[in-house]
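Since the structure comes first, as structure tokens, the remarks are kept for the end.
Numbers for residues simply follow the sequence, beginning at 1. Both ligands and their constituent atoms are indexed starting at 1 by order of listing.
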Amino acid sequence: MIPVITDIEEMRLWSKSKRLEGVSLGLVPTMGFLHKGHLSLVERALKKADYVMVSIFVNPTQFGPGEDYNRYPQDFERDAQKLESLGAHVIFAPDSTAMYPTGYSTYVAVEGVTEGLCGRSRPAHFRGVTTVVSKLFNIVMPDVAVFGQKDAQQLAVIRRMARDLNMSVEIDAGPIIRETDGLAMGSRNMYLTPEERKQAAVLYRSLCAAEELVKSGFTNSRDIIRKVREIIEEVPLAKTEYVEIVDIDDITPVDDISREALLAVAVWFGTTRLIDNVILAK
Ligand code: AMP
């Protein structure tokens, strides 16, 4: 069976001994309840590094009050089986009290890039993400870490953090893996009722429509955003939180698609918040 390390010091030693052998190390950070999206990142990491570590840690500091920390889905046995059959080398599953012991008081906060899109409704979220990712990098010292384009703002934030803090890790990104009707795979999709699940396919439909608009010559962000909102709002159970077109690196608004730009959406279905995005290019 794939080794599971829960102790931070043991993980550090495992990594260190591998590094001494001169092999390269890849890390895929996750919160578990793995689906094909996560697994595609593991496959990517396996191509880029000799040994691949997958962390499974539901990180309390990235959840806001009233969010789903206490009911976040988990199935460790199933995750371990999937990782084993893919050929990942080790699971790092630390305890939250070991990661955040009594008196814990250090956070990594990236400014600017964290303030738009999801940062508006989830003000402490990215600080939790950058803190835990920094901790994971310090513990396992990977050569490469793989993240999903699904969380495009998170990716921009982590790239910025790694650059600004001179972290010696390559940040790699894998494409969004989707269900057959286009819904981006996500651990939170399981919260959707059957009707919400059906209607949630509108997200991808709206992103494809935006791509078509750009292909047919539309470049004005306001026009594209209006169309995307219209499509989403045709669906009765969808409540739009945001539809925005922003710079891929800075997450600042882009008025005109004269170069690549990120179209990002956040939409509520009942109590479930879904995000999705596409990179638009003229
Ligand atoms: P999570 O467990 O939700 O924190 O996600 C762990 C990693 O998997 C993050 O880098 C996500 O961006 C990535 N991820 C989640 N869903 C998908 C997906 N559908 N396709 C590709 N990557 C994904």
Could you tell me whether Arg222 and Asp255 have a side-chain N and a carboxylate O separated by less than 4.0 Å?
no
State the atoms of ligand 1, each with its element, that fall below the 4.0 Å cut-off from a heavy-atom position in Pro175.
20 (N), 21 (C)
The atoms of ligand 1 lying under 4.0 Å from a heavy atom of Phe147, numbered in the order shown, are 10 (O)
Counting from 1, what ligand 1 atoms have a heavy atom of Gly148 closer than 4.0 Å?
9 (C), 10 (O), 11 (C), 12 (O), 13 (C), 22 (N)
Considering only non-hydrogen protein atoms, determine which one is nearest to atom 23 (C) of ligand 1 and report residue, atom name and distance to 0.1 Å.
Lys150 CB, 3.9 Å
In the protein, which heavy atom is nearest to atom 5 (O) of ligand 1, and how far is it?
His38 NE2, 3.4 Å
Is a salt bridge present between Asp75 and Lys82, judged by a nitrogen-to-oxygen distance below 4.0 Å?
no
Glu233 with Lys239: basic N within carboxylate O range, under 4.0 Å
no
For Met185, atoms of ligand 1 separated by under 4.0 Å from a heavy atom
16 (N), 17 (C), 18 (C), 19 (N)
Think Arg78 forms a cation-pi with Phe33, using NZ or CZ under 6.0 Å from the six-ring centre and within 45 degrees of its axis?
yes
Salt bridge (charged side-chain N to carboxylate O under 4.0 Å, His left out) partner of Arg120, the single match among Glu241, Glu115, Glu244
Glu244
Distance to the ring centre below 6.0 angstrom and angle to the axis at most 45 degrees; does that hold for Lys227 and Phe218?
no
For ligand 1, which part of Leu41 has a heavy atom less than 4.0 Å away: the side chain, the backbone, both, or neither?
side chain
Could you tell me whether Lys48 and Asp143 have a side-chain N and a carboxylate O separated by less than 4.0 Å?
no
Show which atoms of ligand 1 fall inside a sub-4.0 Å distance from at least one heavy-atom site of Pro29.
6 (C), 7 (C)
Checking a contact table here: which protein heavy atom is nearest atom 4 (O) of ligand 1, and how many Å away?
Met31 CG, 3.6 Å
Nearest-contact summary for atom 20 (N) of ligand 1 - protein heavy atom, Å
Ile177 N, 2.9 Å
State whether Asp181 and Arg197 are salt-bridged, where the test is any N-O pair (Lys NZ or Arg NE/NH1/NH2 against Asp/Glu carboxylate O) under 4.0 Å.
yes
For ligand 1, which atoms, with element, lie under 4.0 Å from some heavy atom of Asp151?
11 (C), 12 (O)
Any His35 heavy atom less than 4.0 Å to ligand 1
yes
